[in-house]
Amino acid sequence: MKKHLMGVALVAAVVMGAGAAQAGDAAAGKDVFKVCMACHTAEQGKNKVGPSLFGVVGRPAASIDGFKYSAPMKEKGAAGYAWTADNLKAYITAPKEIVPGGTMAFAGLKDPQKVDDLVAFLAEQK
């Protein structure tokens with residue numbers, strides 16, 4: 001019985017450890033955000049070429065008053081699309097697939113861990 005419990009504990013540790021490897025690290029995400037800073041800020045009310053990403057997690061797409069969004073992004077917002085963590089991850093990975101015809105020049109971030117880290121950082125910006 002003792003061996004069985006140790007085996008179960010080992011399997012649980014491996015499974016939990018594998019899940020933890022995919023969790024986002026906000027501190028690491030702050031470094032990843034440096035790539036975004038050419039066009040975005042995480043400062044409330046301060047837009048650049050791209051909109052501020054302050055409070056982006058959970059925010060409806062194309063919802064910052066006064067920012068000039070592309071027509072495809074406006075359509076996403078009008079359809080009720082919101083920047084959930086999963087939607088952000090998909091967009092950060094492949095922006096042109098999520099918003100075809102959008103104006104974001106960034107080709108996408110392909111490292112899933114960096115994407116998770118970036119979203120964790122963005123989730124703290126509120």
- [ ] Might you confirm whether atom NZ of Lys68 has over 12 heavy atoms from other residues, nucleotides or ligands at distances under 6.0 Å?
- [x] no
TODO: Please report the closest heavy-atom contact between Lys110 and Thr93, naming both atoms and the distance.
DONE: NZ-O, 2.7 Å
Task: Over all atoms of both residues, closest heavy-atom pair of Ile64 and Pro51 - done: CD1-CB, 3.7 Å
Task: Pro72 to Pro100 - nearest heavy-atom pair and separation - done: CB-O, 3.4 Å
Task: From Leu118 atom CG to Ile92 atom CD1, the distance as rounded to the nearest 0.5 Å - done: 4.0 Å
Open item on the list: If you compare all heavy atoms of Asn87 against all heavy atoms of Ala82, which two are closest, and at what distance to 0.1 Å?
Closed with: ND2-O, 2.8 Å
TODO: Check Ala42 against Ser52 and note the closest heavy-atom contact, atom names and distance.
DONE: C-OG, 4.4 Å
Task: side chain to side chain contact (heavy atoms under 4.5 Å, CB included) partners of Ser63, counting only residues at least two apart - done: Arg59, Pro60
Task: Interatomic spacing from CG in Leu53 to NZ in Lys48 - rounded to 0.5 Å - done: 10.5 Å
Task: Sequence neighbours excluded, every pair satisfying salt bridge (charged side-chain N to carboxylate O under 4.0 Å, His left out) that has a member inside residues 27-44 - done: Asp31-Lys34
Task: Side-chain donor or acceptor of Lys96 paired with backbone N/O of Ala107 under 3.5 Å - done: no
Open item on the list: For residues 38-67, which residue pairs pass the ring pair (Phe, Tyr, Trp, His ring centres under 6.0 Å) check, not counting sequence neighbours?
Closed with: Phe67-Tyr69
- [ ] First locate atom CG of Leu122, then atom CG of Leu88, and finally report the distance between them rounded to the nearest 0.5 Å.
- [x] 6.5 Å
Open item on the list: Taking side-chain hydrogen bond (donor to acceptor under 3.5 Å, both in side chains) as the cut-off, I'd like each qualifying pair that reaches into residues 117-126, sequence neighbours left out, listed once.
Closed with: Gln113-Asp117
Open item on the list: Per the ring pair (Phe, Tyr, Trp, His ring centres under 6.0 Å) rule, what does the pair list look like for residues 81-126, sequence neighbours excluded?
Closed with: Phe33-Phe121, Tyr81-Trp83, Trp83-Tyr91
- [ ] Check whether any side-chain N or O of Lys89 sits under 3.5 Å from a backbone N or O of Asp116 as a donor-acceptor pair, and report yes or no.
- [x] no
Open item on the list: Test: side-chain hydrogen bond (donor to acceptor under 3.5 Å, both in side chains). Region: residues 70-80. Which pairs qualify, not counting sequence neighbours?
Closed with: none
